[in-house]
Novice: 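Take a look at the following structure, please.
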Amino acid sequence: MKLNVSTRVRRCAVAKIWEEEGIFHANDLSEKPRSYVLEMFPYPSGRIHIGHVRNYTMGDVFARYKRMQGFEVLHPMGWDAFGMPAENAAMEKGVHPGGWTRDNIAHMKQQLKRIGFALDWSREIATCEPEYYGHEQALFLKLFEAGLVFRKESEVNWDPVDRTVLANEQVIDGKGWRSGAEVERRKLSQWFLKITDFAEELLEGLGSLDSWPDKVRLMQENWIGKSQGLRCIFKFVGSQDGIEVFTTRPDTMFGASFVAIAPDHPVAQQMSENAPALQNFIAECKKGGTTAAEIDTAEKMGFNTGLSVAHPLDSSWHLPVYVANFVLMDYGTGAVFGCPAHDQRDLDFARKYDLTVTRVVADGDKVDSDFDGDEAYSGPGRIVNSHFLNDMEIAEAKAAVIAKAESEAWGSGQTQYRLRDWGVSRQRYWGTPIPIIHCEICGAVPVPADQLPVKLPEDVGFDIPGNPLDRHPTWSKADCPHCGGAARRETDTLDTFVDSSWYFIRFASQPGHAPFDKLTAEKWLPVDQYIGGVEHAILHLLYARFWTRALSHIGMIDVKEPFSSLFTQGMVTHQTYKHGDGSWLSPDQVRKEGADWTVIADGSPAIAGRVEKMSKSKKNVVDPDDIVDQYGADAVRWFMLSDSPPERDLEWSEAGIEGCWRFTQRLWRLTGQVSGADGEDKPLSRKMHQAIEGVAEDIEALSFNKAIAKIYDLTNAIEKAPPSSARDEAIRTIIRLAAPMVPHLAEEAWEKLGEGGLIANMPWPDVNPAMLIEDEVTIAVQIKGKLRDTLLAAKGLPNDELQALALASAKVQSAIAGQEVRKVIVVPDRLVNIVI
RNA sequence: GCGGACGUGGCGAAAUGGUAGACGCUACAGACUUAAAAUCUGUUAUCAGUAAUGGUGUGCGGGUUCGAGUCCCGCCGUCCGCACCA
């Protein structure tokens, strides 16, 4: 226990003053420049995780810094409160999801408050409350009216024993997590949002997001997956009907050796009606989960339908038609032609079913049509063995085939996206009810606005798997808003990604009667700095971008991109330990003895495992409450920011937090050293001004580890310096520089230094540019790029004088040893490189 | 399988193409102390050398350049995402 009681009491008092004065409440009417700082809101799982602490500390430092720079800052917090864990808790512990969630929120809110985050709690949101999700239903219906919502069949993971839809994470090795039954893919009619209408916009918009990490933009670009290709028909032999195929490689058409269609392609479905063998094959394909990884890694299987199609470029050339498990109905036309020589999947398939493999793109000097080996060639090259395409470049050949297809009317060039429409239906209770009523006569009818919110019923049970809304005795019964006849409510709820697709707008403006007020929201949006985990790089961020654009499209808000600057922080990791039998041990169950680890309880040997992401199952979690009790919030905050660059993983360690705690003490001791002495200290003052500038730059760039290194540097310099008024000023300044990071200590120190008011309200210290300039610089002297000497020179010395100084150096003279100097490269104020 | 990233001392790291290892942690030595803790001072990439100094060194192999941790090509390893976890 590092903190004594009185310290803890004082720190609580500090937090209370911030709260009483309401200094972190954002003023909608402020005349100041604005800054909207947001961290991804947490799922209320029960306890704040150390990863949250890292995320929110970064945002907090940035928000506090922006306040010091004179901005009106909006820094809100809320809860992504719908989701599966609440239902799991209900099943396991018999508690109601709502009660469980609200208890968790209350507890976690207290935890956050203890860490001293400068949050505007007056804008707190929990997505599970009708005050939030009712507005979400209204927005959903706006999109419905705009034609951006539709219904279609889509596959889900079906557990045939529990008779329940499973989430991907509930499918383990193709089996249901509770029942252990082999999971099947089953089709259900579900609601979708037309995100594909915005594919091009979302792709183009990435270009304007220059304050997003390149990797995230690249991932989204690949996810949207724009490609140009040919859509064309392979006609059945002797028929005008055929199979429509999409390909991005029309240049390889003369290398085609088969056509493959998806198991749920209409042609396959129709044929299977009278073909039990095909039926079995299709059923076989439907085994296992729905994820791309599972489908891609499944062994490639095909079924020869016996059908033949004619090659569009040569109708006398016939190709077999297979049903194949690796062809997806969701992408393109659900049918492809296989060119094994130049596509790995097709090659694997061709080898397995003994189909011809013809080379049509030259691989260096390999041009013969017979292709051997098991590695497809997808690189550049000239077209070979392809009649009129021979000798063309790939791009040229693509254009030639598309032109021919268009002129002969058997196909056309087409832009295709990999992005699929967003399925938002979930067969679960704990989510936003989809505000639709199904009437046998009128179809799917929106719930009228004056009947919103459609509230979740409280009286539900979780003793049986499946959706309690579906089997609720009365809830789903409703009158059709059109004809007044008996009808049934939609019992699916919305994907929780919908909840997180507009919460940042609600934070900016939350009237009671509407989702948000357009003008007020536009004052704050877009979010100036958004911070969260990379794991959200694609889905959440893309959905939120889409939702914002959709609202903009229907005129509800004039904002295209919701997050102008994005930062993705790394995970918090910790050493793991195991028993000899492989079971996990928590770090406090082991002790180091010499080079080895032993289990404290029984002295048996323990194994120090890898440093891994903190998780309950590996027992390497640290509870923020415990460490705040032990070291205080400031030391914990300092640790979250120091050493590791924020975008990388941070390893939690006992030694590390101890070091941070010691630093907070050092800083505190400094504040007792104000001497009142007179006198200048130019080098110290220069260091101080460099720190004011450097720390500001680093915080702006979210390089907290570098900012902290600069604060350490200045601390070292202050400690070494003799008393002077410059030193006293440096002490007062360093507290202000550290204030965003260690706000409690800074507040107390401010009082102790006899300064008035709250440091939280102080501006960032001013830099005197004249004080930044160094008058001497160290010049590196190299010979052929190798360092041989360094010398001190006046800053700004002309190149010829630097060169003369370097050549005069004794070390240089002995290294040259009379050889001819061929060239000298001089970088002003930096180095001289002598080439001999 | 597909897509994306990362790799520098004992450890976390720093370094507009220009002195690799700032800053922190650990460890070791010393001061203070009856003692311990705390604190303070110093050392801490590696090899050779008493030292001065010199060689080597940023995952591995090549390349561009006067000069490469940084740029290019090819490997290896680790991590993240893949549409119903959030």
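Every value quoted in this text rests on a predicted model; they were computed, and no experiment measured them.
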Novice: What nucleotide, of rU26(B), rC84(B), rC82(B), holds the atom closest to the side chain of Ala292(A)?
Specialist: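 Nearest listed nucleotide: rC82(B).
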Novice: Looking only at atom P, what distance separates rU46(B) and rG57(B), rounded to whole Å?
Specialist: 16 Å
Novice: Looking at rC85(B), I'd like to know if its phosphate oxygens (OP1 or OP2) sit under 4.0 Å from a side-chain N or O belonging to Arg426(A).
Specialist: no
Novice: Between rC25(B), rC79(B), rG54(B), which one does the side chain of Ala655(A) approach most closely?
Specialist: rC25(B)
Novice: Please give the distance between the P atoms of rG21(B) and rG54(B) as a whole number of Å.
Specialist: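 Rounded to whole Å, the distance is 15 Å.
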Novice: Taking the C1' atom of each, how far is rA51(B) from rA38(B), in whole Å?
Specialist: 38 Å
Novice: Expressed as a whole number of angstroms, how long is the span from Asn55(A):CG to rA86(B):C1'?
Specialist: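 The answer, rounded to whole Å, is 13 Å.
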Novice: Please state whether the phosphate of rC82(B), meaning OP1 or OP2, lies under 4.0 angstrom from any side-chain nitrogen or oxygen of Arg420(A).
Specialist: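 For Arg420(A), the contact criterion (side-chain N or O under 4.0 Å from OP1 or OP2 of rC82(B)) is not met.
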Novice: Mind calculating the distance between CG (Leu193(A)) and P (rA83(B)) to the nearest angstrom?
Specialist: 17 Å
Novice: Is the closest basic N to carboxylate O distance between Arg151(A) and Glu490(A) below 4.0 Å?
Specialist: yes
Novice: Nearest whole Å is fine: how far is rC66(B) C1' from Gln803(A) CD?
Specialist: 13 Å
Novice: Under 4.0 Å, counting only non-hydrogen atoms across every strand here, what does Arg345(A) touch: a base, just sugar-phosphate, or nothing?
Specialist: nothing
Novice: For nucleotides 19-24 of chain B, give me one character per nucleotide, 5' to 3': B if any protein heavy atom sits under 4.0 Å from the base, S if the only such contacts are to the sugar-phosphate, - if neither.
Specialist: B--BSS
Novice: Any idea which of rC66(B), rC84(B), rC82(B) is nearest the Gln190(A) side chain?
Specialist: rC84(B)
Novice: Is it true that Arg217(A) and Asn222(A) share a donor-acceptor pair across their side chains at a distance under 3.5 Å?
Specialist: no
Novice: At 4.0 Å (heavy atoms only), tell me whether Gly423(A) reaches a base, stays on the sugar-phosphate, or touches nothing.
Specialist: sugar-phosphate
Novice: Which value, in whole Å, describes the distance between the P atoms of nucleotides rC23(B) and rG42(B)?
Specialist: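 These two P atoms come out 12 Å apart once rounded.
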Novice: Heavy atoms under 4.0 Å, any strand shown: does Trp223(A) hit a base, just sugar-phosphate, or nothing?
Specialist: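 Contact class for Trp223(A): base.
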Novice: Indicate, with a heavy-atom threshold strictly under 4.0 Å, whether Glu651(A) touches base, sugar-phosphate, or nothing.
Specialist: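 Nothing: the residue Glu651(A), judged by heavy atoms under 4.0 Å, touches no strand.
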Novice: Under 4.0 Å between any heavy atoms, over every strand shown, what does Pro42(A) touch: base, sugar-phosphate, or nothing? Just pick one.
Specialist: nothing
Novice: Do Gln569(A) and Arg648(A) have a side chain donor and acceptor closer than 3.5 Å?
Specialist: no
Novice: Charged N to carboxylate O under 4.0 angstrom, Asp789(A) versus Lys811(A)?
Specialist: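 Salt bridge flag = yes for Lys811(A) with Asp789(A).
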Novice: Round to the nearest Å and state the distance from Leu791(A) atom CG to rG18(B) atom P.
Specialist: 19 Å
Novice: What's the closest nucleotide to the Met84(A) side chain, out of rA86(B), rC84(B), rG1(B)?
Specialist: rA86(B)
Novice: By the 4.0 Å heavy-atom rule, please label Ser425(A) as base, sugar-phosphate, or nothing.
Specialist: base
Novice: Is it the case that the side chains of Asp159(A) and Ser179(A) hold a donor-acceptor pair, with the cut-off being a distance below 3.5 Å and no angle test?
Specialist: yes
Novice: Are Glu774(A) and Gln690(A) close enough that a side-chain donor and a side-chain acceptor fall under 3.5 Å?
Specialist: yes
Novice: Do Glu535(A) and rC79(B) share a donor-acceptor pair, side chain to base, under 3.5 Å?
Specialist: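 No pair found.
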Novice: Return the set of residues passing ring pair (Phe, Tyr, Trp, His ring centres under 6.0 Å) with Tyr331(A) (not counting sequence neighbours), or none when no residue passes.
Specialist: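 Ring pair (Phe, Tyr, Trp, His ring centres under 6.0 Å) list for Tyr331(A), sorted by chain: empty.
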Novice: Does Asp495(A) have any side chain to side chain donor-acceptor pair (under 3.5 Å) partners at least two apart in sequence or in another chain, and if so, which?
Specialist: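 Testing Asp495(A) for side chain to side chain donor-acceptor pair (under 3.5 Å), a comparison that skips the adjacent residues, returns Trp422(A), Arg426(A).
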Novice: Lys215(A) NZ to rG7(B) P: how many Å, rounded?
Specialist: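 These atoms are roughly 11 Å apart.
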Novice: Select base, sugar-phosphate, or nothing to describe what Arg822(A) touches, counting heavy atoms under 4.0 Å on all strands.
Specialist: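 No contact at all - Arg822(A) keeps every heavy atom at 4.0 Å or more from the nucleic acid.
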Novice: So, is Asn222(A) near the phosphate of rG4(B), with a side-chain N or O under 4.0 Å from OP1 or OP2?
Specialist: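 Result: yes.
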Novice: In Watson-Crick or G-U wobble terms, both distances under 3.5 Å, what is the partner of rC25(B)?
Specialist: rG10(B)
Novice: Using atom C1' of each nucleotide, how far apart are rG17(B) and rG24(B) to the nearest Å?
Specialist: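 rG17(B) and rG24(B) have their C1' atoms separated by 28 Å.
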Novice: Will you find, in the side chains of Tyr132(A) and Trp502(A), an N or O donor that is under 3.5 Å from an N or O acceptor?
Specialist: yes
Novice: For Val165(A), answer base if it contacts any base atom (sugar-phosphate contacts may also be present), sugar-phosphate if it contacts only those atoms, and nothing otherwise; contact means non-hydrogen atoms under 4.0 Å.
Specialist: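 Answer is base: heavy atoms of Val165(A) come under 4.0 Å of a base.
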Novice: For Val156(A), answer base if it contacts any base atom (sugar-phosphate contacts may also be present), sugar-phosphate if it contacts only those atoms, and nothing otherwise; contact means non-hydrogen atoms under 4.0 Å.
Specialist: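 Answer is base: heavy atoms of Val156(A) come under 4.0 Å of a base.
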Novice: Between Asp214(A) and Leu419(A), just flag the one whose closest nucleotide in RNA chain B comes earlier from the 5' side.
Specialist: Asp214(A)
Novice: Do Glu39(A) and Tyr530(A) have a side chain donor and acceptor closer than 3.5 Å?
Specialist: no
Novice: With a 3.5 Å cut-off and no angle check, do the side chains of Gln803(A) and Asn799(A) form a donor-acceptor pair?
Specialist: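 Note: Gln803(A) and Asn799(A) side chains miss the donor-acceptor criterion.
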Novice: Quickly work out the Glu697(A) CD to rU16(B) P distance and round it to whole Å.
Specialist: 12 Å
Novice: Give a yes/no on whether any side-chain N or O of Asn168(A) is located under 4.0 angstrom from OP1 or OP2 of rC82(B).
Specialist: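 For rC82(B), OP1/OP2 do not have a side-chain N/O of Asn168(A) under 4.0 Å.
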Novice: Would you indicate what Arg217(A) reaches in the nucleic acid, counting non-hydrogen atoms under 4.0 angstrom: base, sugar-phosphate, or nothing?
Specialist: nothing
Novice: Name the pairing partner of rA45(B), where a pair is Watson-Crick or G-U wobble with both distances under 3.5 Å, or state none.
Specialist: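 Pairing partner: rU56(B).
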Novice: So what does His536(A) touch, heavy atoms closer than 4.0 Å: a base, only the sugar-phosphate, or nothing?
Specialist: base
Novice: How far, in whole Å, is rC73(B) from rG4(B) if one measures between their P atoms?
Specialist: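 Going atom to atom, P in each nucleotide, I get 14 Å.
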Novice: Answer with base, sugar-phosphate or nothing: what part of the nucleic acid does Glu87(A) contact at a heavy-atom distance below 4.0 Å?
Specialist: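 If one applies the 4.0 Å heavy-atom cut-off, Glu87(A) turns out to touch nothing in the nucleic acid.
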Novice: May I ask you to evaluate whether Thr291(A) reaches the phosphate of rC82(B), defined as a side-chain N or O under 4.0 Å from OP1 or OP2?
Specialist: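 It does not, given that no N or O in the side chain of Thr291(A) lies less than 4.0 Å from OP1 or OP2 of rC82(B).
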Novice: Using atom C1' in both nucleotides, what's the gap between rG1(B) and rG67(B) to the nearest angstrom?
Specialist: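 The answer is 43 Å between these two C1' atoms.
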Novice: Rounded to whole angstrom units, what separation is found between the CZ atom of Arg186(A) and the C1' atom of rC84(B)?
Specialist: 16 Å
Novice: Round to the nearest Å and state the distance from Asn157(A) atom CG to rC85(B) atom C1'.
Specialist: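 The answer, rounded to whole Å, is 13 Å.
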Novice: If you look at every strand shown and take non-hydrogen atoms under 4.0 Å, does Gln344(A) touch a base, only sugar-phosphate, or nothing?
Specialist: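 Answer is nothing: Gln344(A) stays at 4.0 Å or more from every strand.
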Novice: Does rG9(B) sit syn or anti, given that only angles within 90° of 0 count as syn?
Specialist: syn
Novice: Looking only at the side chain of Lys823(A) (C-beta and beyond, no hydrogens), which of the listed nucleotides rC84(B), rG1(B), rC66(B) gets closest?
Specialist: rC66(B)
Novice: Looking at Arg648(A), I'd like to know whether one of its side-chain N or O atoms comes within less than 4.0 Å of OP1 or OP2 on rA13(B).
Specialist: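 Answer is yes, contact under 4.0 Å.
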Novice: Let me know, please, whether Asp649(A) or Pro85(A) comes out on the 5' side of the other along RNA chain B by nearest nucleotide.
Specialist: Asp649(A)
Novice: For rG81(B), which nucleotide in any strand shown is its Watson-Crick or wobble partner with both distances under 3.5 Å?
Specialist: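 WC or wobble partner is rC2(B).
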Novice: If you look at every strand shown and take non-hydrogen atoms under 4.0 Å, does Phe326(A) touch a base, only sugar-phosphate, or nothing?
Specialist: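 No contact.
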Novice: For nucleotides rU16(B) and rC85(B), find the distance between their C1' atoms and express it as a whole number of Å.
Specialist: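 Nearest-Å result for rU16(B) against rC85(B) at atom C1': 42 Å.
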Novice: Do Asp649(A) and Thr573(A) pair up side chain to side chain, a donor and an acceptor below 3.5 Å, judged on atom types alone?
Specialist: no
